[in-house]
Amino acid sequence: MMEGRKRIVHHHDEMGDIKKGPWKAEEDEVLINHVKKYGPRDWSSIRSKGLLQRTGKSCRLRWVNKLRPNLKNGVKFSAEEERTVIDLQAQFGNKWAKIATYLHGRTDNDVKNFWSSRQKRLKRILQSSTPSSSKSHKNSKEVRI
DNA sequence: AAGGGCTCCAACCGCGAAAGT
DNA sequence: AACTTTCGCGGTTGGAGCCCT
């Protein structure tokens with residue numbers, strides 16, 4: 001068997017097991033407390049202080065997209081928000097972070113997700129009405145534009 | 001009623017920019 | 001000035017949970 005845990009440690013990496021994947025409520029709390037104390041910065045120090053086994057990158061992402069106050073989490077884009085994204089994308093291109101600054105409570109990730117869902121939706125619709133492809137998946141739900 | 005396909009979104013990655021040493 | 005570390009962005013993806021038959 002030999003479940004060897006040997007590992008060459010470059011003195012500074014704090015014992016190299018980095019946690020990935022979904023965040024637990026407990027981790028969120030640690031992150032929130034850190035931000036309360038020090039502000040939304042120094043993401044990498046969270047790991048070097050041994051508070052969480054997450055990269056700075058992961059901590060920042062979690063804060064910015066999910067934990068930061070006043071986010072409209074779990075609320076679908078309103079028709080107006082959709083309009084705004086579509087218009088701004090036409091103006092600026094795929095500048096999601098920039099576009100998000102025009103929408104209160106939405107993050108670049110939200111905008112990006114909205115856009116790619118929409119793109120796929122449009123592609124499907126186009127596909128299913130193309131001459132050659134007669135395999136039409138029945139119009140399941142409402143067709144959104 | 002179950003099981004396979006489809007959607008959506010949370011979180012990852014790579015890379016370039018910015019900040020630090 | 002040069003090298004290292006951290007941040008921020010855009011693109012991508014795996015899987016939970018919804019349809020559908």
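In what follows, every chain begins at residue 1, and chains take the letters A, B, ... in the order their sequences are listed.
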(Q) Looking at B/dA11, I'd like to know if its phosphate oxygens (OP1 or OP2) sit under 4.0 Å from a side-chain N or O belonging to A/R62. (A) yes
**Q.** A/D87/A/R83 ion pair, N-O < 4.0 Å
**A.** yes
Q.
When you measure from the side-chain N and O atoms of A/K66 to the phosphate of B/dA10, is any distance below 4.0 Å, counting only OP1 and OP2?
A. yes
Q: Please determine which of A/V85, A/T84, A/N113 meets the side chain to side chain contact (heavy atoms under 4.5 Å, CB included) test together with A/F77.
A: A/V85
Q: Respond yes when some side-chain nitrogen or oxygen of A/K57 is under 4.0 Å from OP1 or OP2 of B/dG14, and no when none is.
A: no
Q) Which of the following nucleotides, C/dG11, B/dA11, C/dT13, is nearest to the side chain of A/W96? A) C/dG11
Q) Would you find more than 12 non-hydrogen atoms of other residues, nucleotides or ligands less than 6.0 Å from A/E80 atom CD? A) no
Q) Can you tell me if the side-chain N/O atoms of A/S116 get under 4.0 Å from OP1 or OP2 in B/dC8? A) no
Q. What residues, two or more places apart in sequence or in another chain, satisfy salt bridge (charged side-chain N to carboxylate O under 4.0 Å, His left out) together with A/R62?
A. A/D28
Q) With a 3.5 Å cut-off and just heavy-atom distances, do the side chain of A/K112 and the base of C/dG11 make a donor-acceptor pair? A) yes
Q. Between the base of C/dG10 and the side chain of A/K98, is there a donor-acceptor distance below 3.5 Å?
A. no
Q: Report the nucleotide, chosen from B/dT7, C/dC7, C/dT12, that has the shortest atom-to-atom distance to any side-chain atom of A/N113.
A: C/dT12
Q) Has A/R60 got a side-chain N or O lying under 4.0 Å from the OP1 or OP2 atom of C/dC9? A) yes
